[in-house]
Visitor: 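Sharing a structure below in structure tokens format, with a few things to ask.
By convention in this document, chain letters (A, B, ...) are assigned in the order of the sequence lines, proteins followed by strands, and residues within each chain are numbered from 1.
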Amino acid sequence: MSKIRDIFNPTMIDLAKSFAVSRQAVYDWQAGKPISAENAERLADFARAADLFALEGLTASAQILRRTIANGQNLFEIVRNGGSAESAVRKLIEIVRREVHQREALQARLARRPHPSREVYKDVGIPMLKEEG
Amino acid sequence: MTCWSRQTPWRQGHVLPDEAILALGLSSTKPHPIIAIVVSHDCDIAQDPSVEPDVEVLLGCKVLVPDGNFTHAKNPRKLHLPLLSDKSNFYCELVATEKKLVKKEDIGKFCPDPSVSVLPRDRSTLQHWLAARYRRTAFPDEFDRRLNKCGLPKKLADILGPLGEHVFAVFFDVDEGDDVVRDGADDPYSLRIDLLYSTMSDPLLSEKAATKAASEISDVFKKKFFVESAGTWKNIELIDCSAISDEVMTYKMSLFYKRWNADYISFRSDPPQPILSE
């Protein structure tokens with residue numbers, strides 16, 4: 001439990017929702033109170049996911065933890081729907097790795113270009129915030 | 001005088017009843033019967049007439065068979081728009097130059113024709129078509145000509161059409177943003193294409209689909225423009241075609257590119273797919 005909290009730094013609500021239990025139940029687990037075998041296994045799976053995440057050198061943030069991984073679901077949603085956190089994090093790592101590669105290639109390609117002028121920024125559609133009058 | 005309020009029943013995409021067309025004296029160069037569709041934005045319609053005195057109406061006519069060249073906002077001047085009707089659904093031909101202004105106090109005497117309506121997705125097509133008249137990407141004419149000559153736009157549409165769920169924007173980088181005048185077929189434009197894939201549902205699946213499309217597009221360009229015997233490109237040299245995550249391309253990066261008008265690919269999908277607004 002402490003590993004999950006240290007690495008993912010999830011909110012109590014996220015954890016409670018992921019395991020479909022009350023927040024109090026999560027506090028109880030943290031305090032070392034008894035846990036069902038099923039939830040113990042799911043926690044262990046979550047802990048393995050945390051290890052993978054840390055090994056990859058990723059830093060937990062709301063942005064990355066809430067990223068869609070598959071079927072429109074993020075890590076917490078996958079776990080809540082009975083999926084494996086470890087498998088989900090493996091996919092998340094693959095997604096992030098690919099994007100790092102793409103970002104590097106794109107940045108290298110555009111590095112020699114001059115910065116877009118302020119005029120270019122102005123030349124985009126904007127919502128009209130003051131419709132009245 | 002008819003008073004006008006925000007509760008007016010008129011909205012963008014509403015169709016004027018025949019008696020309104022007659023009473024308002026709306027005439028068109030098009031054959032009868034005339035179809036008149038409200039094109040003003042809902043916010044402008046709701047405004048007080050002292051600020052926005054008119055409602056913009058576009059005149060059109062029924063077409064028995066829609067022309068694929070004018071559906072899905074492909075053409076900036078003419079649109080074949082599907083309308084739902086109590087009797088039988090039909091297409092309406094709208095021409096951009098047939099726009100009329102109708103005083104709110106005049107149109108306010110009538111209610112929209114309840115028997116004809118535009119589906120939300122087709123209203124979206126109408127909006128994009130209206131906006132594109134004033135704002136659309138322009139490539140160099142010669143580049144357009146070379147691309148169109150070989151039927152490339154249709155090939156791209158065929159490849160990308162089924163992928164609307166995954167690829168929702170296509171970016172072209174012509175001559176690395178430089179304005180270069182090309183001198184004949186042996187002086188090819190250089191082109192990079194980035195297919196922006198969605199990470200909203202299944203990033204790995206979308207990347208796979210976009211990568212496959214990128215490979216197919218590369219093959220098409222090579223077939224059309226690469227001269228194997230000479231080992232050189234003619235007309236357009238495709239330097240690269242890649243799949244890029246929507247988490248990777250920043251807004252600033254996108255400003256270096258020109259969007260290829262793939263909107264109609266999304267519009268023709270059912271259900272319509274998300275598209276990136278310009």
Visitor: Can you say whether Ser206(B) sits under 4.5 Å from chain A via the side chain, the backbone, both, or neither, judging by heavy atoms?
Guide: neither
Visitor: Sub-3.5 Å donor-acceptor pair from the side chain of Trp10(B) to the main-chain atoms of Lys104(B), do we have one?
Guide: no
Visitor: Side chains of Tyr197(B) and Asp246(B): any donor to acceptor distance under 3.5 Å?
Guide: no
Visitor: I want to check a possible cation-pi pair here: Lys222(B) against Phe226(B), using under 6.0 Å from ring centre and within 45° of the ring axis as the test.
Guide: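 Output yes; distance and angle both within limits.
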Visitor: By number, which residues in residues 33-72 of chain A have some heavy atom less than 4.5 Å away from chain B?
Guide: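 Listed by number, the contacting residues are Gln63(A), Arg67(A), Thr68(A), Ile69(A), Ala70(A), Asn71(A), Gly72(A).
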Visitor: Non-hydrogen atoms of chain A under 4.5 Å away: do they reach the side chain of Asp240(B), the backbone, both or neither?
Guide: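 Answer is side chain: those atoms of Asp240(B) sit under 4.5 Å from chain A.
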Visitor: Given that the side chain runs from C-beta out, which part of Asp178(B) has a heavy atom under 4.5 Å from chain A: side chain, backbone, both or neither?
Guide: neither
Visitor: Non-hydrogen atoms of chain A under 4.5 Å away: do they reach the side chain of Ala46(B), the backbone, both or neither?
Guide: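 Interface part for Ala46(B): neither.
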Visitor: Let me know if Glu52(B) has heavy atoms under 4.5 Å from chain A in its side chain, its backbone, both or neither.
Guide: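 For Glu52(B), neither part sits under 4.5 Å from chain A.
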Visitor: So, for Glu77(A) and Gln73(A), which heavy atoms are closest and what is the spacing to 0.1 Å?
Guide: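 Here Glu77(A) and Gln73(A) meet closest at OE1-CA, 3.2 Å.
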Visitor: Run the salt bridge (Lys or Arg N to Asp or Glu O under 4.0 Å) check on Asp173(B) and Arg109(A) step by step: do they pass?
Guide: CA-CA 11 Å; Asp173(B) 186 14; Arg109(A) 194 200 304 167; 5.0 Å; no
Visitor: Please output the residues of residues 81-103 of chain A in contact with chain B, using a heavy-atom cutoff of under 4.5 Å, in numerical order.
Guide: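 Against chain B, the residues of residues 81-103 of chain A that fall inside the cut-off (heavy atoms, under 4.5 Å) are Lys91(A), Glu94(A), Ile95(A), Arg98(A), Glu99(A), Gln102(A), Arg103(A).
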Visitor: Might you point out which heavy atoms bring Ile45(B) and Gln12(B) nearest each other, and give the distance in Å?
Guide: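 Taking Ile45(B) first and Gln12(B) second, the nearest heavy atoms are CD1-N, 3.6 Å.
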